[in-house]
Amino acid sequence: MAIDRFGRNIHYLRISLTDHCNLRCIYCMPEDQTFRPNADLMQDDEILLLTRLFAGLGFDKFRLTGGEPTVRANIVEIVRGIASTPGVRSLSMTTNGILLARLAEPLRQAGLQRVNISIDTLDPEKFNRLTRWGKIDQVWEGILAAEAAGLTPVKLNAVVVKGYNEDDVIDLAALTIDRPWQMRYIEMMPFAGVTDVQTQQVVTAAQIQEKIESEFGPLEASGEYDGEARIFKIRGAQGQIGFISSVTVPFCSACTRARLTADGVLRMCLLREKEINLLTPLRNGASLEDLRQMILDAVWHKPWGHGLSQGVIPLNRAMNEIGG
Ligand code: SAM
Ligand code: SF4
């Protein structure tokens, strides 16, 4: 078991498989974002070796993210390798869904259990504007393919940005009335790259909830969390509504996560700059025991929480390099 100095059991690893992406969401990266050369990214065997190390330390929950994880070459084989690693109990992916129509079934067969699909609006033009060139139909086909393949329960993520999609939260919430889906609204967080948008166009979870309630009446609180999301329901709906309010209602005391960036760097808090490079020592011949100790030490020193309320913004990486 990997325990930090505050007694939190850290057992959830989010692995960014690549910083590359087939979209350029305005809240994630600038349009002219450049990406790392593939040789700088963890290679398939390095990902699997590190997965085995983490699983050996008690990590049992894994999520693949990016950039866009589905643009990674050999994605199905990588999923198969991680899913079959002893100790891996839960394996999911966060994706923009663009390539899921053809990948959902093979990924499911390779051992992927669930997906979170990002969809910030149902309006084709607004979607195109938010993602700079995305086609909403492809995402919708991806969502249906995920459901058909059994990558369930389907969870949808929307980042809400002032001036772009704050009114669209209502149509998205309506999806949960007749479908057993979870619609999750994420407060925008600041990183490098597009910090101005991220700090000046935030819509808080409270404001989002107010908008949804103005249409559907008071939401029913379940009193439960699903991961970091506070869970609610529209009265009588089949699905759920979740609020991820990392900025206004941080959940740091319950955080059980670590993040591995696409270039093999361990980040113990999404919103803190401190990082521990694992890939360079691995390539320089560090022993498995050395790497194990580096991970345990990083876990022990996991920061208590982020510093957004004191104006501390992590600027050493853009969101797509960390994976969210
Ligand atoms: N490309 C995949 C996707 O978009 O789902 C996975 C990577 S993306 C970085 C992971 C999640 O982070 C997505 O749900 C995305 O909407 C969210 N995200 C991106 N930038 C964000 C920001 N500045 N604040 C909060 N969430 C953000
Ligand atoms: Fe790509 Fe996901 Fe970032 Fe959008 S949020 S640009 S889909 S990595």
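As the structure lists them, so they are numbered: ligands from 1, and atoms in each ligand from 1. Below, each value reflects all heavy atoms present in this structure, side chains not excepted, and no hydrogens, waters or symmetry copies. Fair warning: this is a prediction, and the values are worked out from it, not measured in the lab. When a residue number appears, it is its place in the shown sequence, counting from 1.
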Looking only at protein heavy atoms, which one is nearest to [atom], and how far off is it?
atom                    : result
atom 12 (O) of ligand 1 : M319 CE, 3.7 Å
atom 16 (O) of ligand 1 : V159 CG2, 3.2 Å
atom 1 (Fe) of ligand 2 : C21 SG, 2.2 Å
atom 4 (Fe) of ligand 2 : C25 SG, 2.3 Å

Review point. For ligand 1, is G97 a contact, meaning one of its heavy atoms is under 4.0 Å away?
Key: no
**Study point:** Sub-4.0 Å heavy-atom approach of G67 to ligand 2
**Key:** yes
Taking 4.0 angstrom as the limit and counting only heavy atoms of [X], give me the atoms of ligand 1 inside it, by number and element.
X    : answer
E187 : 25 (C)
N96  : 2 (C), 3 (C), 5 (O)
M189 : 22 (C), 23 (N), 24 (N), 25 (C)

Check this for me - ligand 1, [X], N or O atoms closer than 3.5 angstrom, yes or no?
X    : answer
Y27  : yes
N116 : no
D120 : no

Check your understanding: How does T95 reach ligand 1, if at all, at less than 4.0 Å between non-hydrogen atoms: by side chain, backbone, both, or neither?
Key -> backbone
Study note, to complete from the structure: Logged contact type for N157 with ligand 1, heavy-atom cut-off 4.0 Å, is side chain
Point to revise | Close-contact set for ligand 2 against M29 heavy atoms, below 4.0 Å | key: 6 (S)
Review point. Would D123 and T121 satisfy side chain to side chain donor-acceptor pair (under 3.5 Å), going step by step from the backbone distance to the final call?
Key: CA-CA 5 Å; D123 179 317; T121 170; 5.4 Å; no
**Study point:** Option set G324, P190, G67, A158, criterion heavy-atom distance to atom 7 (C) of ligand 1, minimum
**Key:** G67
Exercise for review: Check the side chains of T261 and R267 for a donor-acceptor pair under 3.5 angstrom, ignoring hydrogens and angles.
Suggested key: no
**Study point:** Ring-face cation contact, Y12 with R63, 6.0 Å cut, 45° max
**Key:** no
Review point. Does any N, O or S atom in C28 come within less than 2.8 Å of atom 4 (Fe) of ligand 2?
Key: no
Review point. Does the distance from a Lys or Arg side-chain N to an Asp or Glu carboxylate O, for E273 and R317, drop under 4.0 Å?
Key: no
